[in-house]
**Q** 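Sharing a structure with you now.
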Amino acid sequence: MQRPIAVLDSGVGGLTVVKELLKQLPQEMIVYYGDTARAPYGPRPTEEVVSFTEEIVNKLLRYDPKLIIIACNTATAAALDKLKRSLNVPIIGVIEPGAKAALQATQTGYIGVIGTEGTIKSKAYDQALLAYTKDIQIVTQACPAFVPLVEKREYHSTKAYHVVYEAIGHMRSYPIDCLILGCTHYPFLADTIAEVMGENVRLIHSAEETARQAQKLVAENEAEDQAKAIIHGSTKIIHHFLCSGNVDSFQAIVEEWLAAELGARKRTYSRVDHSA
Ligand code: DGL
């Protein structure tokens, strides 16, 4: 059996990474776990986020993944280093790729970062950016109201514009030319965020860069496995989408967000309790 790439998030945010994986690695099988019953992770204490993340990783290990992607900035900031030390399976997060992409994009040297309270408080982005260069200015803002909007599938609502404007409108007073969407839920709100920030600010999604890193790792570690998958053809692949909360609303968001990428590909949906 083909070994999957396992992807996890507190909810539906990690689907923004899955979208890029399906584009860049169409021959790979994905097992996704969204801990929708316990989202948001952003306001939770670090120790709790670490323990939830470990719990989900243990669940995903049952699928014998070739790679695990923590497609959640809050969980990456809290738990990636610890998990890297304890696991035999390759594991990556989304912060390093996002920081790299922003440094490549900025001209003014002013980089904005928005994320959950947990991610912003952890200063994980500041550290990741400053590790490459001290010659930048970083402006950060926690946006706790964004994730509930996305989980409730209200990302296209008029309410979304007001919530986004209220949270980040003030960032326009800085000469920021790129804004890191430091939460995997935020690409769902990208159009609204772009409208509020104006056309001179480029939005940086870590998903694209994360998928590139995944592609590199898979190619390095599993050249043989990949070749086999191509021979078998991607139509044989079944993607599995698991969540800890209501499956219907989760499935509706997956189907809407990944409609083009999933097309006719086979997929299953199930509720798997986080404590199971
Ligand atoms: N999507 C996640 C992140 O990137 C988690 C958001 C949350 O659950 O608060 O941080």
Side-chain angles (χ1 to χ4, degrees), residues 6-21 32-57 68-81 83 91-99 101-102 112-128 140-155 160 163-164 167-168 179-190 193 203-211 241 243-246 249-250 253-254 257-258 274:
V7 184
L8 66 110
D9 180 47
S10 63
V12 296
L15 297 172
T16 59
V17 175
V18 172
K19 200 178 184 72
E20 278 306 316
L21 290 172
Y32 182 88
Y33 191 93
D35 195 3
T36 49
R38 298 189 294 192
Y41 280 8
R44 295 182 185 274
T46 309
E47 308 74 53
E48 192 171 40
V49 176
V50 172
S51 124
F52 287 1
T53 310
E54 286 177 327
E55 209 172 83
I56 296 166
V57 164
I68 299 174
I69 303 179
I70 305 186
C72 172
N73 291 264
T74 315
T76 299
L80 179 64
D81 287 346
L83 283 162
I91 181 162
I92 59 172
V94 280
I95 291 181
E96 177 74 24
V113 183
I114 54 175
T116 66
E117 289 154 292
T119 301
I120 298 301
K121 261 196 227 146
S122 75
K123 296 204 177 294
Y125 271 102
D126 308 55
Q127 283 158 18
T140 63
Q141 179 62 53
C143 306
F146 290 10
V147 170
L149 270 182
V150 175
E151 289 289 325
K152 281 190 230 141
R153 212 173 154 206
E154 289 178 348
Y155 33 92
V163 170
V164 171
I168 63 170
L179 178 68
I180 299 178
L181 305 184
C183 171
T184 52
H185 281 74
Y186 297 177
F188 280 91
L189 292 162
I193 295 171
L203 304 187
I204 306 292
H205 306 221
S206 52
E208 230 174 277
E209 189 59 32
T210 304
F241 293 94
C243 68
S244 55
N246 181 282
S249 52
F250 174 68
I253 297 180
V254 176
W257 183 252
L258 300 178
H274 46 76

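Note that the coordinates shown come from a computational prediction; the quantities given were computed from them, not determined experimentally. Keep in mind that the numbers below use all heavy atoms, side chains included, and drop hydrogens, waters and symmetry copies. First listed ligand is number 1; within each ligand, the first listed atom is number 1.
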**Q** Quick one: does ligand 1 sit under 4.0 Å from the side chain of Thr76, the backbone, both or neither, non-hydrogen atoms only?
**A** neither

**Q** Which ligand 1 atoms, with their elements, are less than 4.0 angstrom from a heavy-atom of Ser10?
**A** 5 (C), 6 (C), 7 (C), 8 (O)

**Q** Using a strict 4.0 Å threshold on nitrogen-to-oxygen distance, state whether Arg44 and Glu48 make a salt bridge.
**A** yes

**Q** Among all protein heavy atoms in this structure, tell me which lies nearest to atom 9 (O) of ligand 1, with the distance rounded to 0.1 Å.
**A** Gly42 N, 2.8 Å

**Q** Whether the Thr184 and Thr16 side chains hold a donor-acceptor pair (N or O, under 3.5 Å, no angle test) is what I'd like checked.
**A** no

**Q** Taking 4.0 angstrom as the limit and counting only heavy atoms of Asp9, give me the atoms of ligand 1 inside it, by number and element.
**A** 1 (N), 2 (C), 5 (C)

**Q** Starting from atom 3 (C) of ligand 1, which protein heavy atom do you reach first, and at what distance in Å?
**A** Asn73 N, 3.2 Å

**Q** For atom 7 (C) of ligand 1, what is the closest protein heavy atom, and at what distance to 0.1 Å?
**A** Tyr41 N, 3.3 Å

**Q** Note the single closest protein heavy atom to atom 1 (N) of ligand 1, along with its residue, its atom name and the distance in Å.
**A** His185 ND1, 2.7 Å

**Q** Does a salt bridge link Arg38 with Glu55, judged by any charged N lying under 4.0 Å from a carboxylate O?
**A** yes

**Q** Under a 3.5 Å threshold, yes or no: a donor from one side chain and an acceptor from the other, between Tyr33 and Asp9?
**A** no

**Q** Quick one: do the Glu20 and His205 side chains pair a donor with an acceptor below 3.5 Å?
**A** no

**Q** Of the protein's non-hydrogen atoms, which lies at the shortest distance from atom 10 (O) of ligand 1, and what is that distance?
**A** Thr74 OG1, 2.6 Å

**Q** With a 3.5 Å distance limit and no angle check, can you tell me whether Thr119 reaches the backbone of Gly115 through a side-chain donor-acceptor pair?
**A** no

